[in-house]
Each structure stands twice: as C-alpha cells, then as structure tokens.
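Here's the structure we're looking at; comments come further down.
Because only heavy atoms are used, hydrogens play no part in the values below, and waters and symmetry mates are left out as well, while side chains stay in. A note on names: the letters A, B, ... follow the listed sequences, proteins ahead of strands, and every chain is numbered from 1.
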Amino acid sequence: MERLKIATVWLGGCAGCHMSFLDLDEFLIDLAGKIELVYSPIADVKEYPEGVDVCLIEGAVCNEDNLELIHKIRARTKVLVSFGDCAVTANVPAMRNQLGLDNAESVLQCAYVTNAQYNPVKPKEDGIVPPLLEKVQPVHAVVHVEYFLPGCPPPADRIKALMVQVLEGKTPKLEGTQLKFG
Amino acid sequence: MTLNDLFQIKETELFARKKIVLRCCMAAGCMSSNSKGVKEQLEKAVIDAGLQNDIEVRGVGCMKLCCEGPLVQADPQEALFVKVTEKNAPSILTAIKGGKTDVTQADPHSAFFTKQLSIVLANSGVVDPERIESYITQDGYQALHDVLTEMTPKDVVETMVKSGLRGRGGAGFPTGIKWGTVAKSPGAKKYVICNADEGDPGAFMDRSVLESDPHSVLEGMAIAAYAVGADQGFIYVRAEYPLAIARLQTAIKQAKIMGLLGAGIFETPFHFNVDIRIGAGAFVCGEETALMMSVEGKRGTPRPRPPFPAESGLFGCPTLLNNVETFANVPAIYRNGAEWFANIGTEKSKGTKVFALAGKIKNTGLIEVPMGTPLRTIVEEMGGGAPDGGQIKAVQTGGPSGGCIPAEHLDTPVDYESLGKLGSIMGSGGMIVMDESTRMVDVARFFMEFCMDESCGKCIPCRAGTVQMHNLLEKILQRKATARDLALLEELCDMVRNTSLCGLGQTAPNPTLSTLRFFRNEYEALLQPDAHGPRSTQTETTTK
Amino acid sequence: MAAKTLTIDGKQISAEEGASVLQAASEAGITIPTLCHLEGVYDVGACRLCLIEVKGIPKLLPACTTKVAEGMEVSTDSERLRKYRRMTLELLFAERNHVCAVCVANGHCELQTLAYSLGMDHVRYDYNFPKWGVDTTHRLFGMDHNRCILCARCVRTCWHVEGAGTKNVAGRGSKSKIISDLNQPWGHSESCTECGKCVMSCPTGALFRKGSTVGESERDRTKLEFIVTAREKKQWNA
Amino acid sequence: MSVNLTNPEQPPVKPVAEAKHPSGDKRFKILEVHMKKLQFKQDALIEVLHKAQELFGYLEDDVLLFISAKLKLPPSRVYGVATFYHFFTLKPKGEHTCVVCMGTACYVKGADKVVEAVQNQLKIRAGETTTDNKVSLLTARCIGACGIAPAVVYDGTVIPRQTPESAMEQINKWVQS
C-alpha cells in the first residue's frame, strides 16, 4: 500500500500545536511507518509539493505569506485539517482585530518600537516582515477545510485519535471533550 | 349622559350647520404642507367676504389622497381642491360660487375614491377630530349606549365572534375569541390596551385614525372593556406622533367631561378610564409582551408566551390588547350588527382593511378596501400605477415582518391567507410599491438592518442572528459572497425564524426569504464563483 | 399539589403541577442544554438553547418557562434541535471575543462546555471582533465585556438574590451591555455590596474575582440556590 | 460603548436624595412636581424621562440620579430604560436638529441620498452633532408621513418631498446663521 502523503504547516501561531504533535511519542514511530512527511516545519522541504493527501494546518491566516501559502496548499491537497485553535478560531493572533482597521500598524508599532529595547524602528525592507493582513482570519474563512481539531494546543491523544481515523481512511469523528477549545 | 342627550347634541349640531362646509385636512401629512396656514387664510377670506353665516371652515382628519395635500373639500359641491397654498386658498370661495380658480381640483369620483369602502375611515375627513360633538353627530357613542344598556358582556363577545373581525395588527387572530378568553380569565382587575405603536416603516394608518377620529377608538375600547370586565385602559402611542397624542388627550378630556368615560357611563354601573402611555422609539414595543413591559415603565423586552396576556398581562392581570384599527372597527359592528360586517370581505377575512399606499406609485395615501380586493385593483386602478410610466416590480406588505409580492402575483386578493401563501403577511397595512429601479437585495438588507437595530437584545438568535444575516447581505451586495454564503444565509433565516423569542425575530427573515423566493436571480447575479468547493459544515456528533 | 403525567423523550414522567419541563426533565435524569437558566433566580427564556418540541404545537418552546401539562409529549433532542443549538453557540462565539485559550474561565466555562458537548467544532460566520473594554476598577472583581454573553444572570442575581440592583442591561440589541449603576466604573458604584454573587452566577469568564488563578475560578453556584431556597421556604428561623 | 477607563479617577456621582436639588436649578423642581402628579409611581418612569428630556434637552447623569432617587428605583434600572429607547438622548443635542425619515417609503424614494448629502456636508455621521454644536443629524424609523416621501423634520417641522439639494439648502442656512 502506498503511504499517505502528509504535510504540516505553521501559519500565524506559536508552534505549540507542533510541539504537541511531537508529544505523540512512540506513536510517531508507528506513524513514520505509515506516512510520508512531505512538508513540515520539522522537515527540510522548501516548496509545498503537489498531490498531498492530508495537511495539518497550525495557525491563523495573518499575513500575505500565510494567504499565498494557504491557497497553494488548498490547490495541492486533498484533505485540510485545521490544527489547533489558531487555525480553527484565529484565537490569540486575531485579538489584534479588535483594535480596528489600522490594527496591523499599531501591532507593528508596539512590537518593534514601543517595546523595543534596542534600535526601535519598524522593519521596512521587503521580505523581513511579510505585510500583515487587515484582519486575521481562521483558515476556513479563507479556504475550504475538511476537518477541525480544536485545542490550544490539541493534546497529543486528541491528535492521535484524529490521525488514526484519517489513516484508516475514515471521516474522523471527534466527540465531547475532544472538541474543547482552549 | 343619556341617549337623549346624545340626540340633543346631534340635533343642535345639525341645526347650526351652515350651507357650505369647507373641509380642510388637518392631519400630519397635510399639516406638513402648511394646511394650517391654508385653513387660516380660508377663514379670513370667509370673514372678508362676509359669508361667515353661510360657510363653515372645518378642520378635519385625513382625506386620504396624501400626495396631493393640502386638501380642501367643499360640501355639498363635492369639489376636491388639491395642493392648496395660502396664496390661492381664497380663490376657492370663487370656485364654489361657480367662478374660475387657479386651484387644481382632483376628481372625487376617480377610482382612488370610488373603489374604497369606509368603515374605519368613515368619519375621517368628515368630523372635526377636536370636537366630540362632531363625532356624536355621526351617531358616535350610540353603540356604546346600546351595548351597555341592552347587552350582557357575554352577548357582546358573541356578537364580536359572529362578526368575524380579526386583529388588524398583523397576525389576524380572531378578535372575538381573544375577547372571550380575557372575559373568562379570573381576576378582579383587568386591563384593555390599545396598541398604537405603529412601528412598521411605511405604515401610517393608525396615525391617521387617531388624528382623524380618536373617539371611535375610545368608544371601541369602552365596548371591549365592558365585554371583558376591565375598568382601566391604556393607549400606547409612539412619541413620533405628537399630533395623534394631542388629539387623543383632547378626546379623552372631552369624553370624561361628557361622562362617556369615567364612572357610571350612561347611568349604568360600568366605569372605564383611559390613560395614554407614550412610547419612546422602540419598534419591538409593538410586540404585545414588550408593550406591556413598556407600559409598566420598564425596558421593552418581550417574554415567552404562554402565559398569554389574556391570562397574565399588564401587572400580572388579564389584559386585552388590540390595535387601533381593530378598535376603530368596533363601534360600527355594534351599530350595524355582526351580520352586516360578516357580509363584507371574504370567507375567512371579514370587513375592510386600511392600507397606507406609498412608494413608487402615483397616488400615495390612505385607502380602505373590502378584504379580498385584488392587489392589482389597489396598485393599478386606485394607485394609478408607477409614476412616469414606470413598471411596478413588487409590492411590499407587512413591513419588516412581511414580504415582497412580485408583479406577476398582483391578482392575489388581499386577505390573511392569500398573502400568507406568498410568504408575506397582511401586517398592519403598510403597502410599499417598488418599481424596476428597486434592487431587491438592497430592500432585504434595508429591512434586515431595521430588525438588527430594533432587536431588543434579549434572545441570542435575534440579537446575534440579525447581525450575521445583515453581514451576509452586505457581503452579497458588495459582490464578495459566494454560493456558500448564500446557503449560510438561508440556513440562518430558518434558524432565526424558528428559535427567536418574539415576533420581531421570528419574522425578521421574511423580507429576505420572500425576495429569495421571487427574485433569487438578483442574489445569484451578485455572487462570486467559489473556487474552494462547498462550505464546511459542522461535524456531526451525537453527543449531548 | 396535583401531579401531571407527561412523556419526555419517550419516558413516562410524573411532575408536580407548576413545574417547568426543564425541572421535570432534570428530575428524570434528562439533561437539556441551558445557558441563561440558573437555579435560584427566575427564568427568562432568552438563550433559546433549551428549546424543545412539544407534540401538537408547531412552535419550539423553551423548557425553562414551559409548564408541564397532562399528557404532554416532549422531545428534547432531535436532529433539528441539535442543529439550532449548535448555530446558537456559533452566533455567540462570533458575537464577542471569546478566546478560550487566554480566558480565566477556561475549563470552567458553560459556553465552552456546551460548545464541545454539542459538537460545535468551528464557527462558520464571520467573527465580529468588536471592541469592548475590561472594567477592573472594582476592588475585588473585574468585568470583561468581551466575554459577556448577555444572559443577564448577574443582573437577575443582583436584583433578586442580593437585592442591590447594581447591575442592569443598558442599550439594546447587539449594543447591549451589562452596567453598574449609571454605567460608571464598577469600582465607583455606590450600590454594590461587594457580595460577589454576580461573579458566582456568571457562566463565562466575563465576571471574575481579581487575583484568582484559572484553577480557582470554578464557581460554587449551589450557594445561590441554597440561599434562595432557604429564603423562599422560610427554612431559616432566626 | 466600552467602559470609561480613560478616567477611572473620576469621582463617583452621589445620589440625590434631598428634596431640593443642590444646584438650585428650577427645572428639577418642575420635574419633581411632575413626578408628584404621577404619584411617584415607578411604572411612570418613561413618562418622567419624557418630561425630563423636554426640560433639560437631554438626560444627564444628574437628572437620571434625581429621578432614580425620587422614584426609588436603582440607578441601573433608570439608566437601562433610558438607553433602551432611542427617543431618549444622554448627550446634548445641537442648536438645530435635522431628522431624516428612513422609513421604507422615504427610503425607496431616496432618503438615503439625502442623509448621505447632509453627512458629507456636515462631516458627521447620522446620530452625531457637529463640533460647533450647531446641527445634530438624526434618522427616524418612520414618521408616518409616507404620502409626502421623502420627509425631513427640520427643528420639529416636517417638510415634504426633500432632495439632497433642498436639504443642503436648509442646512446651509443654519450653518451660516
């Protein structure tokens, strides 16, 4: 049997969901035998490949790089899973949305100037900080998403429960506390 | 006060009547076009000509053809002068003597008038609303006398049931059954409330009735109070209707002085008082439980029913709540009999209905037609169709709770059931005509914004659901929405309609649903292609 | 008092006359989701989560304000009801800023619990992201309007259990807001008795005790019911 | 609508329990006479608020506290009612008011364009007052003058069949006065 091509990506988030993924411990070994990890922050692949079966997406869509990547992912992937609260609800990254339309500007100001200890200046050059979107969005507000895996981060057993079902080719069904936000 | 006294007043009035009566519209519509000045000029002209013994200049209520105001009608000549100004008013005197005048005249025998059948508006434009004697001259308060002296409360309820009158506030609940329920509810203290919180944008029937013939409402309330055993009434009027409030205050004062309100009316043990409660700009207070909260001086938030107001209403007492037009029908029913009334209209919708005809139509104003009159008769024959040769596209009835009826359904008769079948409602009587230039999605958005702003915020589906439905409609109008947004909108319409606490939320989706039903193409034309397949749906779970 | 016999989800139940369907169901071990209901204060039927189907009545009725009746056939759980309940929760999550991850009530929140137990795994509507403030002017408590769901449990508790009337709802529609006195900072309220019952009554993290950790923010709601029952049934005779 | 956190040091307003208002403002006396006429009934709150707004032009905190003390209602209740009904305003209105009817009949006949024109002219949104306190722009849900749509109420007088141009003309008169 051909191994499932799995990808994981990290958009606007804290990487906590990927940490939790690593907490799968020995199941990671099982997994390694069943899947092929074709793209991930923990794998050294530069370009998101074609023909991916399942992609776990951590993080909200915050900037133009995120936006470009998520459209590419959608076009090249069969099944998208919103992985963790930032992907599902936009969570903490979206708290800047409350600041109104010029929120992106004030966030940059706060991060690079107000709270800077040295050299308080906003990075201007291209490619250093991708332009922030006016509004941070959950992944499904931008592209169609098949499955949702809430949690901040989703505990390892929850990730396992989903992965096992996905590997078996089933529509994953999470219930009760497995769907808990936060 | 006795029946004889009523006759005396009528005779005195008739005896003093002058040969010619110039009826000058003093309702809010014409007043805003300076009918007050017109009346003053007319009075001055009459005195200048030394005709004060022959001509009476009478301020009256609405004469229906509001778009042509200020209106002056001369009796017995039947001449109807329109768009009268202070300047040309005096020349009306010349005209009624057969001379030439530069004042435009309208044909009082045009379809706009001849197709009308006046019960509620019978006195409107005829009586002086600020003089109770004028109402008595039209046999006013005789019905109340007959009811109090010749009928038992049970008879009164039975007559109402037989008449087949249904609530004119919108839902069309049989009035007689409502009266019967309140009458049967145990309780020493009961209330009668008149709902004059006419909140539908585009509706002004109740305002006109209150401004033109306030006593018919008071008489109707008194009859209802006798039937159900109440001794206190409230009229809840919008603050936006200062003239109606002033005329009601005058009417109540006059009725009290004459002993037609207060203790021992017509020398019977029956006593009944009416107080006015002024609203303060909240559409939701048209909903009966919210209205009662407001009368109690609280935030006008509705509460779940049951218990119905008939069992537990104002201050926890059994309460009868009808709207202005319903009460205005009452005196005529007891004057002419239940059979007379039941013979007018259709099998299930009896009597007449007053509509406020407005929007993209030639003749705007008030019309009263028998139930069952086809919409086409109303908008095309009476209303004269769209102005400037335009095409009528739809007719909106029922305001923010109603729907848009497309031109191809204009042959529908107006009655509760037929309008319901088309996804609209009779509503309180606002009828807005729309022409080809009207964008239906924008109309839906307009009404949704209205409901969103007027939602009281108590229940979640209405408070948050109207916001989301409005967002989605905005998104469609901005050409940013896809087919999945439209599906989300439809799903939300269904949910808000079925789960909201009160009528406001339950009917808020109606304008959207009805425009979706008849003008779906207009929505679809605004959609963006969806590159990402169907919208995600909630993962199904069975846990509870 | 007379007993009424009815069926709830096919189960024959007998309940006291005057009891609500919610009470009857709960006594029979049937759970109906609720949010604005709170034992000890009167019901308002506002959250619409406890809507039930009653045979012969076309409209859905709130279980909290619907009285039991003889022969009533109630269904508390159907495909349609589940769907509506999930949508109600989605609307709430989209309305204000409910960020569970950084909330003091994380793990003790009725809104959060309802969301997972009813299977709401994401919100399909656009989040509103409104700008609401946090009032931390009170010596002991704080109020985060971002997390408020306007259930008015605090308002009812303040009025009917404590009797202070400090809290009320101001404004209307989506602009409604829980206020203290004349919409002044809570810390400046003259009428607040600092009893903390509003904090006990709050289903989310909107009202909180200052300086308490997430673990400590579990609320003891039985106290409210206990006080009210004792008062109403005159169990305390000093 | 957010809590006033910019000035948490603002001193708390004391409830007014005395019969006479300390400010000596006669209008409080008139308001009290009106409440007395209504027998200080709590269910007359809305009537009292109407009277207060008529006397003071708007409902400031002082007035609300006075009413709350006299009717023996918690301040939060008085505030809750005053903010529920759109007819009541808690901020002072401008010298002139322009109320554009946005009922359905007026809307389909172009009331939205009238509002837009006035907004652009005065550089304020509906519901706001110009910074020089000269003009307040409001919209109404329906003033029941559908026969003469679109209708605008200038300082309490209903004027029929308005256009953006005719509205601007009136506004200009006020602004230049």
I'd like to know if the side chain of C:Q112 and the backbone of A:F181 have a donor-acceptor N/O pair within less than 3.5 Å. yes
Inspect the surroundings of NZ in C:K59 and state if more than 12 heavy atoms from other residues, nucleotides or ligands are less than 6.0 Å away. no
Over 12 non-hydrogen atoms of neighbours within 6.0 angstrom of NZ in A:K135: yes
Check the orientation of A:H140 and C:H122. Use parallel for under 30°, tilted for 30 to 60°, and perpendicular for over 60°. perpendicular
Can you say whether C:Y127 sits under 4.5 Å from chain A via the side chain, the backbone, both, or neither, judging by heavy atoms? both
SG of C:C100 to NZ of A:K180, rounded to nearest 0.5 Å, is 8.0 Å
Does A:E134 have more than 12 heavy atoms from other residues, nucleotides or ligands lying within 6.0 Å of its CD? no
Here the pair of heavy atoms bringing C:F129 nearest to A:N97 is CE1-ND2, 2.9 Å
Audit row: C:N146, A:M95, side-chain contact (heavy atoms from CB on, under 4.5 Å) steps and yes/no: CA-CA 11 Å; C:N146 293 292; A:M95 287 173 81; over 6 Å; no
Under the salt bridge (charged side-chain N to carboxylate O under 4.0 Å, His left out) definition, can you give me all pairs with a residue in residues 82-103 of chain A, not counting sequence neighbours? none
Per-residue contact mode, A:V136 against chain C (heavy atom under 4.5 angstrom): backbone
Contact between C:V102 and A:V92 at the side-chain level, heavy atoms closer than 4.5 Å - yes or no? yes
How long is the straight-line distance from OH of C:Y116 back to CD of A:E175, given to the nearest 0.5 Å? 13.5 Å
Residues of residues 151-166 of chain A contacting chain C, heavy-atom criterion under 4.5 Å, by residue number: A:C152
Less than 4.5 Å apart, any side-chain heavy atom of A:T89 and any of C:V123? no
Over all heavy atoms of both residues, which pair between A:P150 and C:D121 is shortest? Give the atoms and the distance, please. CG-O, 4.0 Å
